[in-house]
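Here's the structure we're looking at; comments come further down.
Chain naming here is simple, since letters A, B, ... match the order of the sequence lines and numbering starts at 1 in each.
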Amino acid sequence: MEEIITRFPPSPTGYLHVGGARTALFNWLYARHTKGRFVLRIEDTDVQRSTQESTDAIFEALEWLGIDWDEGPYFQSQRFPIYEEYAQKLLDSGHAYYCSCSSEDLETMRKKAMETGGKPKYDGTCRDKRLSKGDNTVIRFKAPLMGTTVLEDIIKGNIVFQNSELDDFIIQRSDSTPTYNFVVVIDDITMGINTVIRGDDHVNNTPRQILLYKALESPLPAFGHVPMVLGNDRSRLSKRHGATSVTAYRDMGYLPDALINYLVRLGWSFGDQEFFTRDELIEKFSLENIGRAAGIFDQEKLLSLNADHIKATPPRELIPILIPFLKEKGVETGDSDYLESIIKTLNIRSKTLRDMAEDAMFYFQDEIVYDEKAAKKFLSPSALGPVRELIKQLEQLDQFGEKDLEDAFKKVMEITELKLGKIAQPVRVALTGKTASPGIFEIIEVLEKERVMSRLEKAVQFIMDKEQKKS
RNA sequence: GUCCCCAUCGUCUAGCCUGGUCCAGGACACCGGCCUUUCACGCCGGCAACAGGGGUUCAAAUCCCCUUGGGGACGCCA
């Protein structure tokens, strides 16, 4: 079989949003799955709106997602001579012509068409004028007036367009820069792209592009139009629906594999499977299982998937990802053994890395700040006995293994005649400042003797000071 | 307005192509319960959908038509 060559062509007019990332993913996955090639192309023919910052932001996002390309990045702005050449070809073969209609002319043309209940389109004023290049001329493609153009879509099936619905669209602007519908076709032809997977919103562009392929006598690629991603109000996903930029998810503590898993699963399925590793995605991805209906971006589900991916990632691999979040909270540490043991206590209860950093704070504080309610409820005189007894027991231990700790607590239970719950909560507050935390034995083991002892003693002091103030 | 696409629980979806095994399965969320040193995890259970109407057929979530609803495109943006 012929090698599959796909592409992702973002226009650098903003950051990479999740919808764009999804189509990039589909193309990338399909190329990887078929052992084909994936090409990256930057569509910057609109010189006004394209920026270097956007280009960099897109690279950054793709890199974070782990989407790598085999060819490119190509920049359309550097390929203008090629487009010029093809435009001339079309002119020469009679498939294109110069048009001198002004923007104002077109505007009134559209208005009129709308009023009479038709589709606003170019009326062909200059179609047969045989104009030559002038100061304000554009080049238009001469589209057939009759007949139909059929799009054989991999995902949607056959879609038939009446050519009468189409008009003579502009392929080269009056400033001589080429337009989108023209350049995609030239690029896809010259880059050997044989599989075009893109958003649903391009369906109506496709017949025009097919006409171009035909005029150029080039074979058509396979087209697959994937349904769009919508916001929770069913309208096109935008900023007001919350975070839409890929890197925003990175900054909120999401794992790239989780985002990828979610994005691909939104609109594609593999039976009942919900969780996929990157490799599984590559192995199992197929165009046949892409759905036809638009999907709503659901943050809740992404969040839950992120938690699953955090759980599934070996703690050691999480270290470098967690560090920036700790840094953000003022924690500087390079002690990876300590970090690894901390992560082991937190990974099953964190939905994001940011949450994890937040919950890990007590491991790094020299001075535990007690949550007011927690201290009031658990650091009371009745806790004095058990905490002091625990200090006594722990002092005799050289090492804090889980088994040793359990025994120590058992002894405290016997001596104080209290249930574990009565002892563990005050200890928890003493050690973490909060009422909710990882298991008490785990914490003690990770914190190690020195920190534990000093925190317990501080708690004892705290309780005594409180009592003194009362009397 | 014109053209195009879409339609299963609140959401993502399986099932649809190749009608019967579906009084429709899974996941998220939600609600119970169990586990338990807290919070989580985990486990068990619950709530909840074939948009409506016509056909075709012994039989329709599955095939056909219409209606309705939603989305998208109509630019010298991509």
Side-chain angles (χ1 to χ4, degrees), chain A residues 9-13 43-46 48-50 76 99 101-103 106-107 110 113-121 136-140 151 153 155-157 159-162 164-167 169-181 183-184 199-207 225 227-228 230 232 234-236 262 265-275 288-289 291-305 307-308 311 346-351 359 374 378 409 419-425 427-429 432 434-441:
Chain A
S11 66
T13 53
E43 309 227 319
D44 55 353
T45 53
D46 186 345
Q48 282 4 305
R49 301 200 305 153
S50 301
Q76 292 184 327
C99 164
C101 294
S102 68
S103 303
L106 299 173
E107 192 55 42
R110 277 188 210 105
M114 283 277 222
E115 274 162 18
T116 52
K119 203 172 194 167
K121 46 178 199 170
N136 276 308
T137 53
V138 298
I139 300 179
R140 284 185 185 274
L151 159 59
D153 197 277
I155 295 163
K156 295 180 182 292
I159 303 175
V160 181
F161 296 89
Q162 296 298 320
S164 56
E165 285 294 327
L166 276 19
D167 66 353
F169 57 97
I170 294 172
I171 62 174
Q172 192 180 88
R173 290 180 270 254
S174 52
D175 65 359
S176 293
T177 58
T179 62
Y180 167 75
N181 274 123
V183 292
V184 250
D200 217 336
D201 48 340
H202 283 290
V203 169
N204 290 287
N205 283 325
T206 311
H225 288 91
M228 312 205 53
L230 272 24
N232 43 215
R234 297 209 152 273
S235 70
R236 210 188 168 121
Y262 177 72
R265 197 37 250 267
L266 174 57
W268 171 83
S269 61
F270 190 80
D272 284 339
Q273 189 173 346
E274 301 279 350
F275 182 94
E288 298 87 74
N289 294 324
R292 291 162 303 278
I296 292 174
F297 191 84
D298 181 5
Q299 259 106 344
E300 287 290 340
K301 188 143 186 178
L302 205 207
L303 189 63
S304 135
L305 219 33
D308 290 343
K311 268 176 237 153
L346 258 20
N347 65 166
I348 56 163
R349 59 197 89 222
S350 306
K351 288 192 187 296
D359 292 341
F378 295 108
F409 271 81
K419 283 188 175 176
L420 184 52
K422 290 283 179 202
I423 305 165
Q425 278 310 79
V427 172
R428 189 185 313 282
V429 177
T432 72
K434 299 188 186 70
T435 53
S437 81
I440 201 78
F441 301 140

For nucleotides 72-77 of chain B, tabulate all protein N/O to nucleotide N/O atom pairs closer than 3.5 Å, reporting atom names and distance.
{"unit_1": "B/rG72", "atom_1": "OP1", "unit_2": "A/Arg236", "atom_2": "N", "d": "3.2"}
{"unit_1": "B/rG72", "atom_1": "O3'", "unit_2": "A/Arg236", "atom_2": "NH1", "d": "3.3"}
{"unit_1": "B/rG72", "atom_1": "N2", "unit_2": "A/Asn204", "atom_2": "ND2", "d": "3.2"}
{"unit_1": "B/rA73", "atom_1": "OP1", "unit_2": "A/Arg236", "atom_2": "NH1", "d": "2.5"}
{"unit_1": "B/rA73", "atom_1": "O4'", "unit_2": "A/Asn204", "atom_2": "ND2", "d": "3.4"}
{"unit_1": "B/rC74", "atom_1": "O2'", "unit_2": "A/Pro120", "atom_2": "O", "d": "3.2"}
{"unit_1": "B/rG75", "atom_1": "OP2", "unit_2": "A/Arg110", "atom_2": "NE", "d": "2.8"}
{"unit_1": "B/rC76", "atom_1": "OP1", "unit_2": "A/Arg110", "atom_2": "NH2", "d": "3.1"}
{"unit_1": "B/rC76", "atom_1": "OP2", "unit_2": "A/Arg110", "atom_2": "NH2", "d": "3.4"}
{"unit_1": "B/rC76", "atom_1": "O2", "unit_2": "A/Ser174", "atom_2": "N", "d": "3.0"}
{"unit_1": "B/rC76", "atom_1": "O2", "unit_2": "A/Ser174", "atom_2": "OG", "d": "2.9"}
{"unit_1": "B/rC76", "atom_1": "N3", "unit_2": "A/Ser174", "atom_2": "OG", "d": "3.0"}
{"unit_1": "B/rC76", "atom_1": "N4", "unit_2": "A/Cys101", "atom_2": "O", "d": "3.4"}
{"unit_1": "B/rC77", "atom_1": "OP2", "unit_2": "A/Arg173", "atom_2": "NE", "d": "3.2"}
{"unit_1": "B/rC77", "atom_1": "OP2", "unit_2": "A/Arg173", "atom_2": "NH1", "d": "2.0"}
{"unit_1": "B/rC77", "atom_1": "O2'", "unit_2": "A/Asp46", "atom_2": "OD2", "d": "2.9"}
{"unit_1": "B/rC77", "atom_1": "O2'", "unit_2": "A/Arg49", "atom_2": "NH2", "d": "2.8"}
{"unit_1": "B/rC77", "atom_1": "O2", "unit_2": "A/Arg49", "atom_2": "NH2", "d": "3.4"}

Between A/Thr177 (side chain only) and A/Arg173 (backbone N and O only), is there a donor and an acceptor less than 3.5 Å apart? no
Mind calculating the distance between CG (A/Asp298) and P (B/rU11) to the nearest angstrom? 10 Å
Distance, P atom - from B/rA48 to B/rC9, rounded to whole angstrom: 14 Å
Between A/Val203 and A/Ser304, the residue closer to the 5' end of RNA chain B by nearest nucleotide is A/Val203
Distance in angstrom units between A/Leu302 CG and B/rA29 C1', rounded: 14 Å
Ranking A/Ser437 and A/Ile159 by the position along RNA chain B of their nearest nucleotide, the one closer to 5' is A/Ile159
If we only count heavy atoms from C-beta on, is the A/Thr13 to A/Asp46 side-chain gap below 4.5 Å? no
Taking donor-acceptor contacts at under 3.5 Å, does the side chain of A/Arg349 reach the base of B/rC39? yes
Should A/Gln76 and A/Tyr180 count as side-chain neighbours, where that means a heavy-atom distance under 4.5 Å? no
Go through the side-chain N and O atoms of A/Thr179 and A/Asn181 and say whether any donor and acceptor fall under 3.5 Å apart. no
Is there a donor and acceptor pair, one atom on the side chain of A/Lys301 and one on the base of B/rA29, closer than 3.5 Å? no
Ion pair check, A/Lys156 and A/Asp200, cut-off under 4.0 Å: yes
Side chains of A/Lys301 and A/Leu266, heavy atoms from C-beta outward: is any pair under 4.5 Å? no
Identify whether any heavy atom of A/Pro438 sits under 4.0 Å from a base atom; if not, whether one sits that close to sugar-phosphate; answer base, sugar-phosphate or nothing. base
What is the distance, to the nearest angstrom, from the CD atom on A/Gln273 to the C1' atom on B/rC12? 15 Å
Heavy atoms from C-beta onward define the side chain here; which of B/rU11, B/rC5, B/rA78 lies closest to that of A/Glu43? B/rA78
Whole angstroms only, please: what is the CZ-P distance between A/Phe275 and B/rC28? 13 Å
Any side-chain heavy atom of A/His225 within less than 4.5 Å of one from A/Ile155? no
Just to be sure I understand the rule, does A/Lys434 reach a base, reach only the sugar-phosphate, or reach nothing, if contact means heavy atoms closer than 4.0 Å? nothing
Report the distance from atom CD of A/Gln425 to atom P of B/rU37, rounded to the nearest whole Å. 11 Å
Roughly how many Å apart are B/rG55 and B/rA61, using the P atom of each and rounding to a whole number? 15 Å
Protein-nucleotide distance (A/Ile155, atom CD1; B/rC16, atom C1'), rounded to Å: 17 Å
Protein-nucleotide distance (A/Gln162, atom CD; B/rC3, atom P), rounded to Å: 10 Å
Could you check how far CD1 of A/Ile348 sits from P of B/rA40, rounded to whole Å? 12 Å
Identify each atom pair where a protein N or O and an N or O of nucleotides 13-15 of chain B are less than 3.5 Å apart, giving names and distance.
{"unit_1": "B/rU13", "atom_1": "OP1", "unit_2": "A/Gly267", "atom_2": "N", "d": "2.6"}
{"unit_1": "B/rU13", "atom_1": "O3'", "unit_2": "A/Ser269", "atom_2": "OG", "d": "3.3"}
{"unit_1": "B/rU13", "atom_1": "O2'", "unit_2": "A/Arg265", "atom_2": "NH2", "d": "2.8"}
{"unit_1": "B/rA14", "atom_1": "OP1", "unit_2": "A/Ser269", "atom_2": "OG", "d": "2.8"}

